[in-house]
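Reviewing the structure listed below.
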Amino acid sequence: MSLRVYDSAARSVVPFEPAHPSRVSMYVCGPTVYGLVHIGNARTFLWFDLIRRYLTYRGFEVTFVMNYTDVDDKIIERARQEDVDEETLAHRYSEAFEGDMKALGVGAPDILARATEHIPDMVAAVEGLVEQGFAYEADGNVFFAVERFDGYGRLSGRSLEDMRAGQRVEPHPAKQHPLDFALWKAAKEGEPSWSSPWGPGRPGWHIECSVMSIRYLGMGFDLHGGGSDLIFPHHENELAQAEALTGEAPFVRHWLHSGMVQMQSEKMSKSLGNIVTARQALDRFDGEVVRMWALSGSYRTQVVFSEQALRDAAAAYDRWKTFHESCAHLLGSVAAQSEAQDSYRDRFIAAMDDDFNSSVAVAVIHDLVREGNGRLGAVERGDSAEHGRLEVLAGTFIELTSVLGFAFAPQVVSDELAGSLIDYLLELREQARAEREFERADEIRKRLGSMGVVIEDTPSGARWRLASPTG
RNA sequence: GGCGGCGUGGCCGAGUGGUUAGGCAGGGGCCUGCAAAGCCCCGCACAGCGGUUCGAUUCCGCUCGCCGCCUCCA
């Protein structure tokens, strides 16, 4: 079995075929840094991080590029609102983004490309498109002429005739076709600008991704990702620009798109204003709980964000975390095991190879945990024959969950002293139990419980952990 | 109007032409001084209507309902 992915361009699941058998080049459209990312954005970044992790696990050497759109109409608008210059604003929200991603356990890209650091490349690309007749200038603006690029609409599966272009928004009067899009925008008074053959201005949104992806990965790179709302027009336009400019095809070998997060029955979106920021979610739930929520369904389908969904994810996560802690307690540190033959690993890989079927992958790990918990009980009761199998299971568990990005960071108590005090109270309680003073023992458990410390009695002694803060 | 997708047991969510998804919640049991955690057992689900088939939730057609994209958007 080998990896298969749903390719938006093919509109079906196809074998994943990178240009080089052991390397993968991937580009994901990053945020426009004008505000906090919401949980829908976060899910997309979480998922592409997961895809990157899985590709790496499967032995590919991955080069992952992501961009920051740090010049844009919304940035200009927001900078005025917050009364700072555009650069300061972009810096502020890119820092916030990085903080959120860190809290979610999303790894940094290998290359982070900022639009403002690639303006000369973009100007050159626009010039090239004008020279070749794919673009035209009007009043200091440059537009891409969609009718001159054969196959415009191929990615999104639409034709120029069938689209209701300009129906919802009045097109710029200088456009030759309503779907023509800006490659270069003339600067208005007081807007940030760069010099160009067409006068001061700034790049249009789409050109940055074409230019930067080609710059770092070359034409025909392996995987381009983003949310499904980017298929049209953003990715369609990227493709048109790139292939028109270079005269080569394909621009991208595989297009992958993640589904939208819904709030009740409508899409979560900044323009609708119905957003929950990643930060708000992270205030309530652990980043790994949010990760579990993201993994509970396919990356491609629309999912509803709700309190209940997060609580369900938290319950499932706690099951894994408890198993992890019990193993650590009983076995000491367990290393991820990559040698031992294990059917759980085989099932996990088969699931993930099938267009990253995380629902099944998660179910496999739940199955592993069920067997593991059974062995755990046996070992705790002193059955050393089960020890070896438990070690294998624990190792496989760590291996697979870490592919999914889980670290199960050990619980932290506010300071060392608090930890030793809890240990001491546990000792007192053990003494009380030994003397069959159950009332006193229960009182200690109850009081600690009200402070968020859960006590568990096991055959090998009492243990404590912090209750998960799931609100 | 065009394009894409969805409708599975109380909830979430996979999947398959005839055999167990998985999680949460619920019921019963085991373990425990009591708990907690855990383990075992339990729900005869696949929007509706036709068709193909020995047999369809899974294939085909129609109907109904829902969502996304066609403007910025992950």
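Quick note on labels: first sequence line is chain A, next is B, and so on, each numbered from 1.
At the heavy-atom level, A:Ile231 lies nowhere under 4.0 Å from the strands shown. Here A:Ser306 lies out of heavy-atom contact (under 4.0 Å) with every strand. Residue A:Ser156 is in sugar-phosphate contact alone, with no base atom involved, counting any heavy-atom pair closer than 4.0 Å across all strands shown. Nucleic acid contact class of A:Gly449 (heavy atoms, under 4.0 Å, all strands): none. Across all strands shown, A:Ile455 has heavy atoms under 4.0 Å from base atoms, whether or not it also approaches the sugar-phosphate. Among the protein residues, A:Arg11 comes within range of the sugar-phosphate backbone only, with heavy atoms under 4.0 Å from sugar or phosphate atoms but none that close to a base. Here A:Gly40 lies in heavy-atom contact (under 4.0 Å) with a base.
Aromatic ring centroids of A:Phe323 and A:Phe408 lie 6.0 Å or more apart.
Ring planes of A:His234 and A:His206: tilted class, angle from 30 to 60°. Between A:His235 and A:His257, the two ring planes are tilted [angle within 30° to 60°].
Between the side chains of A:Tyr216 and A:Asp110, no donor N or O sits under 3.5 Å from an acceptor N or O. Neither side chain, A:Tyr152 nor A:Glu147, offers a donor N or O lying under 3.5 Å from an acceptor on the other. Of the N and O atoms on the side chains of A:Ser159 and A:Asp162, at least one donor lies less than 3.5 Å from an acceptor on the other residue. Under the 3.5 Å distance criterion, with hydrogens and angles disregarded, no donor-acceptor pair is assigned to the side chains of A:Gln431 and A:Arg440. Between the side chains of A:Thr277 and A:His38, no donor-acceptor pair of N or O atoms lies under 3.5 Å. The closest side-chain donor-acceptor pair between A:Thr116 and A:Asp70 falls under 3.5 angstrom.
Of the side-chain N and O atoms in A:Asn373, one or more sit less than 4.0 angstrom from OP1 or OP2 of B:C39. Here A:Tyr6 reaches the OP1 or OP2 of B:G5: one of its side-chain N or O atoms lies under 4.0 Å away. Under 4.0 angstrom from either OP1 or OP2 of B:A74 there lies no side-chain N or O belonging to A:Lys267. Listed pair A:Lys321 / B:A37 fails the phosphate criterion, with no side-chain N or O lying under 4.0 Å from OP1 or OP2.
Of all nucleotides listed (B:G68, B:A74, B:G2), B:A74 comes nearest to the side chain of A:Val261. When distances run from any side-chain atom of A:Ala363 to the nucleotides B:A36, B:G22, B:C34, the shortest one goes to B:G22. Among B:G2, B:G4, B:A14, the nucleotide with an atom closest to any side-chain atom of A:Ser359 is B:A14.
For A:Asp442 and B:G33, a side-chain-to-base donor-acceptor distance below 3.5 Å is present, hydrogens and geometry of angles not being considered. Residue side chain A:Asp457 reaches the base of B:C34 through a donor-acceptor N/O pair under 3.5 Å, judged by distance alone. You'll find a donor-acceptor pair under 3.5 Å spanning the side chain of A:Arg445 and the base of B:A35, going by distance alone. One can find a donor-acceptor pair under 3.5 Å joining the base of B:A74 and the side-chain atoms of A:Thr44.
In terms of heavy atoms, A:Phe251 sits closest to A:Ser210 at CZ-CA, 4.2 Å. Residues A:Leu256 and A:Phe48 share a closest heavy-atom pair of O-CZ, 3.5 Å. Heavy-atom minimum distance, A:Trp255 versus A:Ala9: CD1-CB, 3.9 Å.
Where A:Glu371 and A:Pro233 meet RNA chain B, the nucleotide closest to each residue was compared, and A:Glu371 sits on the side nearer the 5' end. RNA chain B is contacted by both A:Gly259 and A:Arg158; A:Arg158 maps to the nucleotide lying nearer its 5′ end (nearest heavy atom per residue).
Near RNA chain B, meaning a heavy atom under 4.0 Å away, there are no residues from residues 380-397 of chain A.
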Please write out each protein N/O paired with an N/O of nucleotides 8-10 of chain B under 3.5 Å, distance rounded to 0.1 Å.
none

Enumerate the protein-to-nucleotides 23-26 of chain B contacts in which both atoms are nitrogen or oxygen and the separation is below 3.5 Å.
unit_1: B:G23; atom_1: OP1; unit_2: A:Arg370; atom_2: NH2; d: 3.0
unit_1: B:C24; atom_1: O2'; unit_2: A:Asp312; atom_2: OD1; d: 3.3

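Checking side-chain atoms of A:Arg291 against main-chain N and O of A:Gly105 turns up a donor-acceptor pair under 3.5 Å.
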